[in-house]
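To keep things clear, I will list the structure first and then write my remarks on it.
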Amino acid sequence: NNGIKKPKGYTVSYHANPEMEQMHFGQKHPMKPWRLTLTNKIVMAYGMHDAMDIYIPRAASSQELKDFHSGDYIDFLQRVTPSDNTWDPDSQTYAYNTGDDCPIFDGLYNYCSLYAGASLDAARKLTNHQSDIAINWSGGLHHAKKAEASGFCYINDIVLAILQLLLHHPRVLYIDIDVHHGDGVEQAFWSTDRVMTLSFHKYNRAEFFPGTGALDTTGPLNNASPGAHHSLNVPLHDGIEDAQYIKLFEDIVRPCVRHYKPTAIVLQCGADSLGGDRLGCFNVNIKAHGACVAFVKKFNLPLLVLGGGGYTPRNVAKAWAYETSLCIGAEVHPNLPAHTPFLEHFGNEKTLFPKLDLTRYENKNSRVYLESVVMGIMEQLRYLQG
Ligand code: TV7
Ligand code: CA
Ligand code: ZN
């Protein structure tokens with residue numbers, strides 16, 4: 001096992017608690033915490049752990065969770081069990097929007113406090129200057145609201161981590177490449193100019209979850225609110241391809257950094273934007289997904305790297321392992337090491353860059369459409385001057 005040397009001049013930390021990887025949302029549920037085991041196995045098989053500081057973070061305390069979430073919602077998560085009847089006949093819903101997307105399973109509170117604890121630990125390593133890049137693949141659960149679960153997310157670890165960064169940083173840029181709109185983070189920082197949120201996602205108001213994130217949703221409409229023009233959205237159609245996605249990402253992120261001048265960046269790397277994802281509808285390959293991480297790294301700002309969605313576990317694990325290698329600046333061989341555990345799980349594609357199934361979604365993003373999206377974003381950034 002020939003490990004990888006620590007990068008020169010900067011420190012990368014990796015925050016993972018294996019306790020949460022055994023959790024089950026339910027048989028048919030697309031969210032598989034086990035994808036994190038697969039990710040960590042590939043990372044370790046390459047010897048990448050030798051190049052990073054590895055932490056097994058403690059769970060977040062209920063007090064820490066309440067820094068964003070309402071007390072009654074956290075108390076509910078803490079005491080609820082799968083056998084409780086949380087159906088409310090008056091509102092015809094389950095409590096706090098739990099149900100099919102956000103089931104109540106055994107160990108739910110432990111799961112939530114572990115992934116939130118890992119993001120908080122990662123953020124603190126950045127604020128106390130022990131890390132330059134901190135990675136938590138179990139985090140990135142961007143849909144959770146103050147007092148409500150949503151879209152497989154219960155606790156918004158991203159909001160909690162950004163609140164931690166804001167104790168030391170005047171401006172944080174949040175970038176979200178999950179195929180879904182990062183609505184929970186956008187909503188939490190809607191009326192402040194200390195966080196700029198930028199989400200790339202499939203957008204179709206009626207047909208694709210969560211239905212928000214139009215190009216003209218940019219913050220409070222009242223220009224007197226500090227949050228005006230600080231929520232940016234990049235709505236996309238089915239089937240966007242590598243070259244288009246990379247160019248779009250760079251053409252938008254570059255001016256966002258130039259105009260907003262963040263002092264820290266949080267990057268949510270949801271892997272459901274990969275081609276062949278069970279829930280996603282883009283045609284992005286692992287190299288192109290990783291190119292976004294590499295591009296953000298080049299700004300040399302304190303960087304928090306988080307996971308998110310990703311529903312074809314074998315591809316999720318490869319993408320996040322590859323992105324870990326980009327963070328440490330290591331060139332790794334594309335072939336998975338022969339001693340990688342679960343190697344048989346990858347069939348005959350024992351490489352970091354498998355041929356993804358790009359046949360399911362025709363590309364509906366024209367050059368003209370993408371140019372109009374970039375222009376729409378640039379128009380918002382012009383308000384930031386001065
Ligand atoms: C960050 N899509 C989360 C993305 C959250 C997407 C949804 C499902 C789904 C849920 C299941 C399931 C599913 C095959 C897919 C309007 C509904 C339709 C529940 C069945 N199979 C992230 C959330 C999205 C649950 N929800 O951004 C149990 O797909 O579209 C919806 C809402 C109502 C609820 N029903 C789905 O990636 C982590 N859910 C199988 C079993
Ligand atoms: Ca997104
Ligand atoms: Zn998603």
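Remember, it's 1-based here, ligands and their atoms both numbered in the order they're listed. Numbering of residues begins at 1 and proceeds along the displayed sequence.
For Lys41 and Glu21, the salt-bridge test fails: no basic side-chain N is under 4.0 Å from an acidic carboxylate O. Salt bridge Asp53/Lys6: present, at least one basic N to carboxylate O contact under 4.0 Å.
Taking backbone and side chain together, Ile177 holds no N, O or S atom under 3.0 Å from the Ca ion (ligand 2). Between the Zn ion (ligand 3) and His180 there is an N/O/S contact shorter than 2.8 Å. Residue contacts to the Ca ion (ligand 2): Ser199 brings an N, O or S atom closer than 3.0 Å. Among the backbone and side-chain atoms of His180, an N, O or S atom lies under 3.0 Å from the Ca ion (ligand 2).
The aromatic rings of His15 and Tyr55 lie parallel to each other, with less than 30° between the two planes, well short of the 60° mark. The aromatic rings of His180 and Phe209 lie perpendicular to each other, with more than 60° between the two planes, well past the 30° mark. Between Phe295 and Phe299, the ring-plane angle classifies as perpendicular under the 30° and 60° cut-offs.
Remark: side-chain polar atoms of Thr127 are not paired, donor with acceptor, to backbone N or O of Leu165 under 3.5 angstrom.
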Per-pair distances, ligand 1 N/O vs protein N/O, less than 3.5 Å:
{"unit_1": "ligand 1", "atom_1": "26 (N)", "unit_2": "Asp101", "atom_2": "OD2", "d": "2.6"}
{"unit_1": "ligand 1", "atom_1": "27 (O)", "unit_2": "His142", "atom_2": "NE2", "d": "2.7"}
{"unit_1": "ligand 1", "atom_1": "27 (O)", "unit_2": "His143", "atom_2": "NE2", "d": "2.7"}
{"unit_1": "ligand 1", "atom_1": "27 (O)", "unit_2": "Asp178", "atom_2": "OD1", "d": "3.2"}
{"unit_1": "ligand 1", "atom_1": "27 (O)", "unit_2": "His180", "atom_2": "ND1", "d": "3.1"}
{"unit_1": "ligand 1", "atom_1": "37 (O)", "unit_2": "Asp178", "atom_2": "OD2", "d": "3.4"}
{"unit_1": "ligand 1", "atom_1": "37 (O)", "unit_2": "His180", "atom_2": "ND1", "d": "3.3"}
{"unit_1": "ligand 1", "atom_1": "37 (O)", "unit_2": "Asp272", "atom_2": "OD2", "d": "2.9"}
{"unit_1": "ligand 1", "atom_1": "37 (O)", "unit_2": "Tyr311", "atom_2": "OH", "d": "2.5"}
{"unit_1": "ligand 1", "atom_1": "39 (N)", "unit_2": "Asp101", "atom_2": "OD1", "d": "2.9"}

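Between Pro337 and Thr340, the shortest heavy-atom contact is O-OG1, 2.5 Å.
Looking at Asp183 and His142, their side chains never bring a donor and an acceptor atom within 3.5 Å of each other.
The atom name of the N/O/S atom in Asp176 closest to the Ca ion (ligand 2) is OD1. Minimum-distance N/O/S atom of Asp178 relative to the Zn ion (ligand 3): OD1. Between the Zn ion (ligand 3) and the N, O or S atoms of Asp272, the shortest distance is to OD2. Taking the Ca ion (ligand 2) as reference, the nearest N/O/S atom within Asp178 carries the name O.
Residues satisfying the side-chain hydrogen bond (donor to acceptor under 3.5 Å, both in side chains) criterion with Ser113, sequence neighbours excluded, are absent altogether.
The shortest distance between side-chain heavy atoms of Leu232 and Leu381 falls below 4.5 Å.
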